[in-house]
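Scroll down for the structure; my scribbles are underneath it.
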Amino acid sequence: MDGAVVSTMVRRTRAETCKVPDLQRLESVNLKINIAQLSTELEILASFSDAPAPAVTRVVFSETDLRARRYVKELCANAELTVREDAVGNTFARWLGSEPELPAIGTGSHIDAIPNAGRYDGTVGVLAGLEAIRTLQRAGVRPRRSIELVLFTSEEPTRFGIGCLGSRLLSGTLDVAEARGLKDKEGRSLEEWRQAVGFAGDLRSVVLPRGHYAGFVELHIEQGPLLEQHGTALGVVTAIAAPSSLRIWIEGEGGHAGAVLMPSRRDALCAAAEITLALEAAARNSGAVDTVGTTGVCDVFPGAINSIPLRVRLEIDVRDIDEARRDSVLAHFRASCEEIAGRRRVAIRTEIINTDPPAACDKQIMVVLAAGAARHGLSCEYMVSRAYHDSLFMARVAPVAMLFIPCRGGFSHRPDEFASPQAIMNGALSLAEALAELAANKGIG
Ligand SMILES: [Zn+2]
């Protein structure tokens, strides 16, 4: 037995298979996803790109993004959904329920793509969400609650340097004054951008009223390799990890690399090296596999081979699904920084870039998702989302859950990102089942 097989088996035993209680099916319908149409729509959406195929580049508010939005809105109108856009361009397409005064069930994701990305990240959640709705329509389902498809603005941070812009504003997480001050690299503000592309109105109106959604489900490619390795059709997400990121300036003393002798050095880069390792140790010692710590940026000044580093800027990112554990890792890390600063006689200053609390998914919706998969004989397992998504912020205003489908090799944010039509169909089908169940259920939310 070779090493690869052994490691797959070890991982297999760790995967927690979804347990499904006996849910009473509310109505008996025969759901059939039109995968040919859905695949064509994904292909057409991918053609709205500023990079040559198979790469996709679609930065929020670019002409390409606007054309892609028009395409999605047209598809929604064809499905007789009522389309509404808010002041930042979040787009809602509603299928009216028989009791429209009840909080709705939401589903959706994003269609913006970082430079040189693939065609499935986000788009699967939007277009398979739409196909799930059309599937229910074709099957003659009459939802009690309205079902609403959402296209979030700027999940990717490419233009404004902050991810999940639309869902942060919807959930009231991002202060409106702070949002107005966001600028792109050319100094053009969010205010200028959104108005120039036709999203008018006060940004304050973006915040969702209380009880807008009784539940929200986001379908997404896994962006990691586990489902594929385990041979599992679907992942039901239990929690979404969130990053806390810091910028750290280390100031020592520069000098000639030949003339300053070792005992009198205050080398900022040597201190930065110890700090990087201290972060790694703090994350490793958290006691949980879900804690990760990364130093992703190291800028050295003056950056010359014959000059002792005077100043270093590090940028670090710590993630976990447990906020208290993440904070305790950061506390250990900060203590190490102080100790290193004292011993190496350098000054250290830290600044928080951002810190978002992780989110737990709603157990009731998780069970509904697992039951929907089981009805079609699809295997599923519980897993953590290590990337963050709009659902992280929607969790602040609604019970949320996420459904993952496998993607080849776990690759994402690159042109060879790939999810098979079968995987997409499995996701759309289970999502449709869940939306029907949740929209019929008065007791949720
Ligand atoms: Zn995404």
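Remember, it's a predicted structure, so these values are computed and weren't measured experimentally. Every number for a ligand or one of its atoms is a count from 1 in the order of the listing.
His413 and Asp121 form a side-chain donor-acceptor contact under 3.5 Å, judged by distance and modelled atom types alone. A donor-acceptor pair shorter than 3.5 Å can be found between the side chains of Thr153 and Arg69. Checking Asp317 against Ser245 by side-chain atom types alone, no donor-acceptor pair falls below 3.5 Å.
Taking backbone and side-chain atoms together, His220 has an N/O/S atom less than 2.8 Å away from the Zn ion (ligand 1). For the Zn ion (ligand 1), the set of nearby N, O or S atoms under 2.8 Å includes one belonging to Asp121.
Restricting His110 to its N/O/S atoms, the shortest distance to the Zn ion (ligand 1) is reached by NE2.
Ring pair Tyr71/Phe48 is tilted by interplanar angle, where 30° to 60° counts as tilted.
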